[in-house]
Amino acid sequence: MSLGRVLLDKGKMAIIKSILEDVPPELGYPSVEFEGPYIVIYVSNREALAKYPQLAQHLAKKVHKKIIIRVQKEHRLPPSEAREKIMQIVSREVGLDPIQMYFDDHTGEVWVKAEKPGLLISRGYLVIVLAETGWRLVPVRKIPTESKAVNDVINVLKTHSEYRAEFMRFLGERIHRDVIFKNNYVRITALGGFREVGRSAILVETRESKVLLDFGINVGAADSPGKGYPFIDLLKIDELDGVIVTHAHLDHVGLVPLLYKYGYRGPVYVTRPTRELATVMIQDLIDVMKKSGKYFPYGEKDLATMLVHTITVDYEEVTDVAPDIKLTMYNAGHLLGSAIVHLHIGMGLYNIVYTGDFKFADTRLLNRAHTEFPRVEALIMESTYGATLQESRTQAEEKLIEIVKRTVERKGVVLIPVFAAGRGQEILLVLNSAIEAGLLPKVPIYVEGLVNEVTLIHLHYPEYLNKKIRDAIFSGQNPFGGDHVIVVDRPANRADIVEDRPSIIIATNGMLNGGPILEYFKLVANDPNSALVFVGYQAEGTLGRAIKDGAKEVPIVVENKVETIKVQLEVHSIDGFSGHSDQRELVNYVRAINPKPRRVVLAHGEPNATDALASILRRSRDVRQYVEEVHAPSLLDSLCFIIS
Ligand code: ZN
């Protein structure tokens, strides 16, 4: 036994003992390591593993931790032999790529690309391959067009695999340390995104640990740290146990790389799609800020450092993030991979649910937000639309189809500005299903900008989408595509594209203040047969907002000169495609959540929205029966909950 083992905390010793009791002796002399939130058992006799396919599940149940079984380094086949063996073992139906296999010596994992990665799990190949070769399969979905973001993330992890292995061990020791203080309070502090939208950040502290929920940037004030960033000066970065990010929008994730620039070397917890989407969004933000020549505090290096420290979790999988805090993420219905965060604190005596941004209604893409939790004492909830009602999705779809139909009949161009993530994919689904149902003729749909990269990430993670879309993707279809959907990656031919009439153009950016959509707008603004349709929020001060509010002439920079452009195309605005819950859905969520919270804390809303929702909740007779207090904290406020 090594000195390190002798000095292990009591809690860790107990876990190791409990595990070793149930590991069959014929697996050899196993070693047990704490790697991040996982407990990894390294065995020497790999062949015997085939006899115990349920061992990991059994141990996980016994010690309430995620268990990974790996084979000790000297008992693995050399990669070239292992590759051949894996190809022999795995059925052709799985569509395994023999070229794209990456053997990670530091962990004993082999990353494989497969057309049907689900089969590797459901048919038990993980255990068979481990027993036959000593390598643990990590399946990645292979799709016809590869996503750059998915490959970028894999490459960063490959390059830093040795460091990552070290980091995971260091983190494992930290997470599973013995608790010194018995918990008697939980304190949350509003570091950003309260009584405002943008720069979301919440610090959660107990006597033992500290975690951060989201760390976003207000993109509209990205060059102004005082307004655009959360109160980073209040954080003691080296004391943080972890950062938990609900979803990939920049107002929730945009400044996480800055923590690394300032020396943070702890984990970030996200779902897998959030990791990839955040990479795309952050990379784009860095590029935009670089081009604009404005001050921006971090770069690609810090993004890569973030990725190396990122730990992905699945929905409804319990993960230890500190000795007294367990994290579980649930579907939030807002964006691919978006999560509602449940924190189980101090032996489960205090439970916080943080919704992040959420949609409490089904959309074409996602199921509505999750409502069932093991326990809830406090609910921290967004209030973006706390003062407004939205039209229903059905009304919104009918409106969009009607506008497109009329424009097509006039042989015009329909311009739809979208943000890269979420709306663009949903609009494609609406148009495709209308074409399929014969409600619209099959006209070309041009898609330009980051929307395409984001669509590929959707195709990578069908398991996060609703059943209909998921099943379509599993059966080999691309519900976002079709022979009429044209991906534009060479922007030189935009003038030709607007001559291809009638047609629909979906492009970034969503508020018309830049991006390819602005170039298309310049080309068709003076055409009364064409139409511009807003399907997302238009912020104050943007070109989109000015046009939406009825401006008939707008100044636009063309080749470094300001030109006045006449707005002669039709302008429409549809608000029913929002990824946020409206007032009714927000109130209904408080009614639906089970079990009932005693406190509701409102975040992420302009003051009038937050206050309107607070007063409805305080007045509502049924809500008052269980919610003792509704808080609407200001920036820098702290709330302290005593655990009794
Ligand atoms: Zn969001």
Side-chain angles (χ1 to χ4, degrees), residues 192-202 212-222 228 230 243-256 268-271 273-282 284-285 315 329-341 353-361 363 365-370 380-386 388 390 417-427 450-451 454 457-458 464-465 508-511 535-539 542 575-582 585-586 589 602-606 609-610 613:
F194 283 77
R195 304 183 71 77
E196 63 178 9
V197 174
R199 58 164 164 174
S200 284
I202 303 169
L212 193 55
L213 301 175
D214 287 337
F215 204 66
I217 187 168
N218 181 345
V219 180
V243 181
I244 298 165
V245 174
T246 55
H247 66 285
H249 281 147
L250 290 170
D251 58 332
H252 294 258
V253 72
L255 283 176
V256 176
V268 181
Y269 298 94
V270 290
T271 62
T274 297
R275 179 183 62 183
E276 267 78 311
L277 286 174
T279 305
V280 174
M281 312 289 267
I282 291 171
D284 185 55
L285 177 66
Y315 287 152
M329 288 188 169
Y330 296 90
N331 169 44
H334 170 70
L335 174 74
L336 178 75
S338 64
I340 291 181
V341 164
V353 167
Y354 168 48
T355 63
D357 295 351
F358 76 106
K359 180 73 179 171
F360 192 42
T363 68
L365 215 49
L366 305 168
N367 291 330
R368 69 179 59 196
H370 189 90
I380 308 174
M381 185 169 89
E382 67 135 318
S383 57
T384 323
Y385 285 90
T388 24
Q390 297 156 3
V418 293
F419 296 101
R423 278 320 70 70
Q425 288 69 35
E426 198 173 349
I427 298 298
L450 282 182
V451 191
V454 170
I457 299 174
H458 281 69
Y464 285 81
L465 302 170
T508 50
N509 117 351
M511 297 189 199
V535 290
Y537 182 68
Q538 303 301 310
T542 59
D575 66 8
F577 288 114
S578 173
H580 293 273
S581 304
D582 74 352
E585 289 159 358
L586 288 166
Y589 190 75
L602 299 181
H604 202 283
E606 297 295 337
T610 301
L613 184 62

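Each ligand, and each atom within it, is numbered from 1 in the order the structure gives.
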| field | N, O or S from D357 under 2.8 Å to the Zn ion (ligand 1) | value | yes
| side-chain hydrogen bond (donor to acceptor under 3.5 Å, both in side chains) between D357 and H249: does it pass, once the steps are laid out? | CA-CA 9 Å; D357 295 351; H249 281 147; 4.5 Å; no
| note | Taking the Zn ion (ligand 1) as the apex, H249 ND1 and H247 NE2 span an angle, rounded to 10°, of 100°
| task | Please confirm if an N, O or S atom belonging to H252, backbone or side chain, lies less than 2.8 Å from the Zn ion (ligand 1). | result | no
| task | Any chance you could measure T384, atom OG1, to L586, atom CG, to the nearest 0.5 Å? | result | 7.5 Å
| request: Find the distance between OG1 (T355) and CD (E382) and round it off to the nearest 0.5 Å. | output: 5.5 Å
| task | For M511 and T542, work out which heavy atoms get closest and say how close. | result | SD-CG2, 3.7 Å
